[in-house]
Each structure stands twice: as C-alpha cells, then as structure tokens.
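Working notes for the structure below.
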Amino acid sequence: MAEQIKLIKRGTAEVIPEAELVKKLERCASTGKPLRIKFGIDPTGSEIHLGHTVPIRKLRHFQELGHEIVFLIGDFTAQIGDPTGRSESRPPLTKEQCLENARTYFDQVSVILDMSKVEIVYNSTWLESLNFSDVIKLAANFTVARMLEREDFSKRYSEGRAIGLHEFLYPMMQGYDSVALNADVEIGATEQTFNLLAGRQLQQAYGQEPQVVITLPILVGLDGTQKMSKSAGNYIGITDAPEDMYGKIMSISDKLMIDYYELLTDIGEAEIEEIKQSIANGRLHPRDAKMRLAHEIVCIYHGREAADWAQERFRYIFQQGRSAMAAGAEALVKPEEITIPSEELNPDGTIWICKLMTLAGLTASNTEARRLVEQNAVSVNGEKINDPKSVLKIGESLMLQVGKRKYVRISASTPAASELAKRGREL
RNA sequence: GGAGGGGUUCCCGAGUCUGGUCAAAGGGGGCAGACUGUAAAUCUGUUGGCUACGCCUUCGGAGGUUCAAAUCCUCCCCCCUCCA
C-alpha cells in the first residue's frame, strides 16, 4: 500500500484529498474492484509532445497498479473550447474530425499506455441529451462567487476583460462527466484544478462518492520559462527523430533538468535525489546528468538502439570534431537528402548559394539566406562561405550546413528525371 | 442607448498634432556569431521581399487630397473603457 501511494504521488502537484485516496485504495485492495481513473482530452488533434505525456505517464502508473483507465474524449466540450489558459476560442470541430483526431492521439499514446486496456468514452454521449431544465438544475449547484474563484476568471473579471457566460458552463460539464462516469480519481494539469474540483461538487450533489483529484505540474518548455506548447515552439514531440529529441533535451537549462527527470522518466526518486546531490557538490558534471536524461527519454520513445546512436552521434559532432562534414561522419550524421531540379541550375551547372538554401528549405527567402551567409553561419562541405554572391557547382553531391544544427546533402536531378517529375506534376 | 480611447512589422509599443530625413525608434521574442557543456549568463550582429548601394510591397479596409501619406479628408469594419 505504501508503495502504491508512493508511485501515485510521484511527481504530482497535489492530491486532493490524500486521505480519500488511501481509503479508496484500501477498499480496492479488499474488494479487488479496480479504481476508475478518469482523464479527459480535447480532441484538437495536435501532435503530442512531452508536456502531454506527464499526465499520461501518471495514468500508466495507475495501469501498472491494475486500475482502470477511462479516457474521455471531449467531443461535446470541444465545441465550446475550454477557456483555461487561453484567450482565443477554438473553432468548433465536426464529429468526424473529433474521431480522426482521437485516433491519431491514441496511436501516439500507445507508446506509453496499453491501449487495449483503456476504456474510451465520448462526452457527447450524455451531454448532448441534456435539456435546458437539466442544465439549470446543474447550474444551481454553483454560485457566481464560486466561479469567480477560478484564477483565470477572477483575473479577467478584475481586468475588465470579457468572460462568456458559456465559459462558466465548461467546469460544470467537466464535472458532470465525472458523474456520468462515476469516476474515483481524475487526473489533470494544475491549471485544471478548478474544473476537476467541480466534479467532486457535482458527484456529491448526485449522491456519489466524490473523486480524488490529482494534479500534475505543467512542464516547462525548451525556453525554460513558458509552458511547453506547440504554439510557443518550445516543445519536444514524441515523434521527433531520436537525434532531434536528444539534442533538444541537451539544450534545456540545468534548472529544468531535475523536473524532467521526475516527470518524464522512470528513474527512481532516490536516484534522482542522488543525481541532484552529486551535481550540487560537483561530483557529477551537469552535462553528463543531462546526457543520461536525454538517453533515457529517447529510449522510451525510440528504443535503446536509437538512443545509443543518438548519444554517440552527439558525442561525435558536438563534443569532438564539431564538424558534421568530417569524413566518416556519414553514419552518425545521416543528413537529409535533398534533390534540386536541374532546371534551377544555371546553364553551366552552377547555382547561387542563397537560391540553393531556399530551394533546400533551409531558409524562407533568399534575403534570409543572404543574411546568414553574411553572418558566417553557412558552410559547404565543411568550409565556411561568407560571400553572399558565391556560386556553387553541385557536381556529385555536397553537404550544406546552416547554423549549428541544420544540414542537408544536396544533389541535382538529371535533366531527364526532372523533366519527368515536371510532367508528373502537370498530370 | 450616451461619452470617450484605440487598431503600426512575429509580439508589445513609439511615430499621427507640425505630411517628405519612415522598411518605420525602443523593448521582447526569434535567428546567427563569440564564449561554452548544442546549459545558463554575457557580448555582437540581424530580424518584409527582390541576383540588390537601387527597386517593389507593407502601418485595420476602400477611396480621396498632394510632386509626396503610417501621418491630412471621406466612408466602412473591428476592439476596448466609462456611464445607463
């Protein structure tokens, strides 16, 4: 029992209230009836990043302990859009989009969770059939003062910004979901606390035992300050290539490292504590601790072999030669191959460097390319180019590198091939 | 319904009274360079496009005045605040 609680509490922000969790677990142990763990998502259909995995990993812990995961797709609520943490309302989604998004979501999540044991439900199932008097009855369980307790609402209210009346309904609906599912535990990020607690309130009103609320910290992104999110561009996608994932983790600040250890890996708490101590007293170089972290995480999503490779590659490129172009580096570097249509070349088979960079997708415009060349950020076959008027001959193939991390191998298509491709496009 | 304040480049925000010197200050963020541990901090450069010391497009939208408009005029759209 103590072990169970320890695993469940690991990395959480809050367990409200802990005593009830203990009671539920004890009952579960004596009756053998697993707890129902609710977790809801908005089927907005974006790529999953490490920030999303924090609560999902918590679900996995519950799954390991033999409890039942109920995955709630908020297909109904998606039509309103949870105002939490954002000011823009989202465009409504069609049913088909919801289903499609849910499918891609579960594809990605299956790396972490055993999806065959997960119960999937859609909240339109019960929310759609409520009528106006049902809604009034539900709404009567809350007061305006109570709603304004939510930080997001009170802040907007005091700043004189708009709060849509329908936004008050969101916590209510989420709470009613818990009633409909008879949830024992609900998991969410700390910013969800209010909505999660609404579930407790409504469950009590409907004569159910209230759910235990478990909140998880919000994962800070690569920039070290903002919440990890796609729109902020500070994220690590779980489908990122091993080397990218590894590299991105290496670029986080030392301060974040321990949080990442705790929230994103299975390394034991005692060991994490030891790492922390060793760094503090200088026995362990923070870089090495971070490499371990990066390896560990890549391992989860790509397997040991890929993680080993990414690590070796990192050592080779960034700690030793620092040249992605060095002979024999091919196997580690694995540059993306880009073929330039030969009609883009000048008659003598050469091409202007800036144009080449843009064609290869390394820059958005020739002007940007020119700037980078002038800033000494571009090299070809390992040699810096700093004349923006340079003209290159592609020949067999060449390595083009921009900045520290972007590089591609360029080759030109034969005229015949590009002619074919062109015709293919027209057809 | 009444009164007032606004919409400027990725974001915030000057510039508008007193048209040109405005591709538009400053800050943030981004990118690159130096230093490093692809860390942090710091410093420097850069941040619409175009084979480019010139040209083109951009200050909510559409017109107009003018040699010249982010700046002046007309109409329209949108946002916010206060009062009711």
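We name chains A, B, ... by the order of the sequence lines, and we start the count at 1 in each one.
For residues 362-373 of chain A, proximity to RNA chain B is found at A:S365, A:N366, A:T367, A:R370, A:R371, A:L372, defined as any non-hydrogen atom under 4.0 angstrom from a strand atom.
Whole-Å rounding puts the A:D259 CG to B:A39 C1' distance at 15 Å. B:U38 atom C1' lies 15 Å from atom CG of A:L293, rounded to whole Å. Rounded to whole Å, atom P of B:C35 lies 12 Å from atom CG of A:N376. Regarding A:R287, its CZ atom lies at a distance of 15 Å from the C1' atom of B:A40, rounded to whole Å. Atom CE in A:M357 sits roughly 12 Å away from atom C1' in B:C31 (whole-Å rounding). Taking atom CG of A:L359 as the reference point, atom P of B:C50 lies 12 Å away to the nearest angstrom. Separating the CD1 atom of A:I236 from the C1' atom of B:U38 is a distance of 13 Å, rounded to the nearest angstrom. One can place CD of A:E374 at 11 Å from C1' of B:G45, the figure rounded to the nearest angstrom.
With both ends at atom C1', the span from B:U65 to B:G19 equals 12 Å, rounded to whole Å. Going from the C1' atom of B:A52 to that of B:G33 covers 24 Å, rounded to whole Å. Across the C1' atoms, B:C55 and B:C78 are found 34 Å apart, a figure rounded to whole Å. With both ends at atom C1', the span from B:U8 to B:G13 equals 9 Å, rounded to whole Å. Using C1' as the reference atom, B:G60 and B:U66 are 23 Å apart when rounded to the nearest Å. Across the P atoms, B:C11 and B:C59 are found 14 Å apart, a figure rounded to whole Å. Distance check on atom C1': B:A23 versus B:U46 gives 15 Å, rounded to whole Å. Atom C1' of B:C12 sits at a distance of 14 Å from the matching atom of B:G7, rounded to the whole Å.
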> Is there a side chain to side chain contact (heavy atoms under 4.5 Å, CB included) between A:R146 and A:F194 once you walk through the steps?
Replying inline: CA-CA 10 Å; A:R146 174 95 179 84; A:F194 185 90; 3.6 Å; yes
>> Does A:K406 form a side chain to side chain contact (heavy atoms under 4.5 Å, CB included) with A:Q401? I'd like the steps, not just the answer.
In response: CA-CA 6 Å; A:K406 292 196 282 191; A:Q401 178 169 12; over 6 Å; no
>> Evaluate A:D308 against A:H295 for side chain to side chain donor-acceptor pair (under 3.5 Å), listing each step before the verdict.
In response: CA-CA 7 Å; A:D308 288 346; A:H295 186 268; 2.7 Å; yes
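Under the ring-ring contact (aromatic ring centres under 6.0 Å, His included) criterion, A:F39 pairs with A:F71, not counting sequence neighbours.
Salt-bridge check for A:E336 with A:R409: failed, with every basic side-chain N at 4.0 Å or more from each acidic carboxylate O. Remark: A:R200 does not engage A:E186 in a salt bridge, criterion side-chain N to carboxylate O under 4.0 Å. With salt bridges taken as basic N to acidic carboxylate O contacts below 4.0 Å, one links A:D266 and A:R57. The pair A:E368-A:R371 does not meet the salt-bridge criterion, since no charged nitrogen lies less than 4.0 angstrom from a carboxylate oxygen.
The base-pairing partner of B:C53, taking Watson-Crick or G-U wobble contacts with both distances under 3.5 Å, does not exist among the strands shown. Across all strands shown, B:G26 forms a Watson-Crick or G-U wobble pair, both distances under 3.5 Å, with B:C12. In this structure B:A69 sits in no base pair that meets the Watson-Crick or G-U test at under 3.5 Å. The partner of B:C43, taking Watson-Crick or G-U wobble pairs whose two distances both stay under 3.5 Å, is B:G33. Look at B:G1: its Watson-Crick or wobble partner, with both distances under 3.5 angstrom, is B:C83.
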What nitrogen or oxygen pairs link the protein and nucleotides 53-59 of chain B at under 3.5 Å?
none

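Map A:L222 and A:M257 each onto its nearest nucleotide of RNA chain B; the residue landing nearer the 5' end is A:M257. Take the nearest nucleotide of RNA chain B for A:G403 and for A:S390: the residue whose nucleotide is more 5' is A:G403.
Contact annotation for A:K248: no contact, since no heavy-atom pair falls under 4.0 Å across all strands. Residue contacts for A:L256: at a heavy-atom cut-off of 4.0 Å it reaches no nucleic acid atom on any strand shown. Among the heavy atoms of the strands lying under 4.0 Å from A:D254 is at least one base atom, whether or not backbone atoms are also near.
Evaluation of atom-type donor-acceptor distances gives no pair under 3.5 Å for the side chain of A:Q375 against the base of B:G33.
Residues A:I410 and A:A360 come closest through the heavy atom pair CD1-CB, 3.7 Å.
Under the 3.5 Å distance criterion, with hydrogens and angles disregarded, no donor-acceptor pair is assigned to the side chains of A:T12 and A:K58. Donor-acceptor pairing under 3.5 Å is lacking for the side chains of A:S178 and A:Q203.
Taking every side-chain heavy atom of A:K384 into account, B:G33 is the closest of B:A40, B:G33, B:G37.
Taking 4.5 Å as the limit, every side-chain heavy atom of A:I353 sits out of range of all side-chain heavy atoms of A:P388.
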